[in-house]
4 protein chains.
Amino acid sequence: MEFDENIPIYLQIARSFCDRVLAGELKAGDRIPSVREYGASIGVNPNTVARSYERLTNLGVIYQQRGIGFFIAEDAKKSILKDARERFFNEELPKFAERAKLLGISQKEITEAL
Amino acid sequence: MEFDENIPIYLQIARSFCDRVLAGELKAGDRIPSVREYGASIGVNPNTVARSYERLTNLGVIYQQRGIGFFIAEDAKKSILKDARERFFNEELPKFAERAKLLGISQKEITEAL
Amino acid sequence: MEFDENIPIYLQIARSFCDRVLAGELKAGDRIPSVREYGASIGVNPNTVARSYERLTNLGVIYQQRGIGFFIAEDAKKSILKDARERFFNEELPKFAERAKLLGISQKEITEAL
Amino acid sequence: MEFDENIPIYLQIARSFCDRVLAGELKAGDRIPSVREYGASIGVNPNTVARSYERLTNLGVIYQQRGIGFFIAEDAKKSILKDARERFFNEELPKFAERAKLLGISQKEITEAL
DNA sequence: GTGGTCTAGACCACC
DNA sequence: GTGGTCTAGACCACA
């Protein structure tokens, strides 16, 4: 796995799980790897993976069964989508638009590039 | 001046100068405030301002006349625009598009929101 | 470690690392000391060492693994050599030659002294 | 007049006078411009020029006749040459040689480039 | 443990 | 007056 410098690894890991849920790759009830196993497989300290799982748990994306492991939550996809769409329209899109405006990039150019 | 937590102050200062150049508020040859003066005016340590100026110098946005101060470079606007537009089309826009796709947001929705 | 007055310490530190890479003393992948450790060992403030490391990072000589430390980059030696040789032939040597000429020192004298 | 960043302007000015003496352009007894006049002609603060003249006076290259101006000293050329040659052989040349060695540049390459 | 950022204050060279 | 460098010490995010 490759990481973007400048963004904390634990955030990138958490996000990758969200993306895989959205993509349908992971479904409610699926078990995800243990922090140790997953850390080893991507070359990251288990502590860092644990931090990602903690974050995902707080977001309600996964839940823990003590002694067994972590699992995708029932309504993971729904809650991720809701959060993400809200943030997208309220934060990312306006920021994107403002940036384009500052750079003198017309909406037409953007539409074409998309 | 208000600062976004989570982003280093020195980067925000540097960026604000770039924005002001792009907006035409600052022009080639204009002198910008001394590190002491500007630091005092925005409530930031002069060292931090100096770090911003150092960065802007490396980017070719400003240049120094020793013992006198810093000035907006001749082709500041051009170089900022070039860099920023490149980054916009090569990084920000694709990232934005991919994100929208992942969230199941159609191009139509985006165009309307813009 | 002894420092030449008149030259910023952080530059001398950076340069000493470059020299050690060129000399083969440091190789790609080698970890260099932490800013605290190295600062203590040479009697310099950790901030100053950090500034050296920042510079070396910009030059592509070292890279950072967050939370772990700094390491010699894969092609550190190559990039240092390339830069240094260019500067040598384009700047240092012509300057040296011109100086000798101005002082009326023949090439023969130089060759002998070398 | 163009100045090399990184080297104090007053040193560059002083040096340019030495060079012109060595080149025979300025001779013993010649009057050099007043600090005010010269400063204006090269776009430098008179204080800075004064500092150059002070340095040259200390080096015995020029002397001052109060109320009249500065003049090239009788044995200016001789003293400059002596000093410069000494420094050349004792400092510049060894430094140059060491640098070439570190970069793996053979004496043959240097001789050819010269 | 690691480095990153910021502050406060000092001293210096230069203009 | 200007910026450049350095120190000391603090707090923080990250692994």
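The chains referred to below are lettered A, B, ... by the order of the sequence lines, with proteins before strands, and numbering in each begins at 1. Note that this is a predicted model, so its numbers are computed, not measured.
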Distance criterion of 3.5 Å, no angle test: do you see the side chain of [X] paired donor-to-acceptor with the base of [N]?
X	N	answer
Asn47(A)	dG1(E)	no
Arg36(C)	dG3(E)	yes
Asn45(C)	dG9(F)	no

Just to confirm, is there a sub-4.0 Å distance from OP1 or OP2 of [N] to any side-chain nitrogen or oxygen of [X]?
X	N	value
Arg51(A)	dA15(F)	no
Arg66(B)	dA13(E)	no
Thr48(D)	dC14(E)	no

Which nucleotide in the list [options] gets nearest to the side chain of [X]?
X	options	answer
Tyr10(A)	dA15(F), dG3(F), dT5(F)	dA15(F)
Val35(C)	dC15(E), dC6(E), dG3(E)	dG3(E)
Ser34(B)	dG3(F), dG3(E), dT5(F)	dG3(F)

Scan Gln64(B) against the nucleic acid and name what it touches under 4.0 Å (heavy atoms): base, sugar-phosphate only, or nothing.
sugar-phosphate
With heavy atoms under 4.0 Å as the rule, sort Val44(D) into base, sugar-phosphate or nothing.
nothing
Could you tell me how far apart [X] ([atom1]) and [N] ([atom2]) are, to the nearest whole angstrom?
X	N	atom1	atom2	answer
Ile68(C)	dA15(F)	CD1	C1'	6 Å
Asp4(D)	dC14(E)	CG	P	13 Å
Ile9(C)	dG4(F)	CD1	C1'	13 Å
Glu5(B)	dC11(F)	CD	P	15 Å
Ile7(B)	dG4(E)	CD1	P	18 Å
Asn58(C)	dG3(E)	CG	C1'	15 Å
Tyr38(B)	dG3(F)	OH	P	13 Å
Tyr63(B)	dT2(F)	OH	P	17 Å

Kindly compute the distance separating [atom1] ([X]) from [atom2] ([Y]), expressed to the nearest 0.5 Å.
X	Y	atom1	atom2	result
Ser52(B)	Leu11(B)	OG	CG	7.5 Å
Glu54(D)	Ile62(D)	CD	CD1	10.0 Å
Arg87(B)	Leu103(A)	CZ	CG	9.0 Å
Asp19(C)	Glu98(D)	CG	CD	8.5 Å

Contacts of Pro46(B) and Ile32(C) projected onto DNA chain E by closest heavy atom; the upstream (5') one is Ile32(C)
Can you work out whether Arg31(C) or Leu11(B) has the more 5'-proximal nearest nucleotide on DNA chain E?
Arg31(C)
Of Phe17(C), Tyr63(C), Phe71(C), the one forming a ring pair (Phe, Tyr, Trp, His ring centres under 6.0 Å) with Tyr53(C) is Phe17(C)
Taking the nucleotide of DNA chain F with the nearest heavy atom to each, does Gly67(B) or Gln65(C) sit closer to the 5' end?
Gly67(B)
Is it true that Phe96(C) and Phe88(C) have ring centroids separated by less than 6.0 Å?
no
Base-pairing assignment for dC14(F) (Watson-Crick or G-U wobble, both under 3.5 Å)
dG1(E)
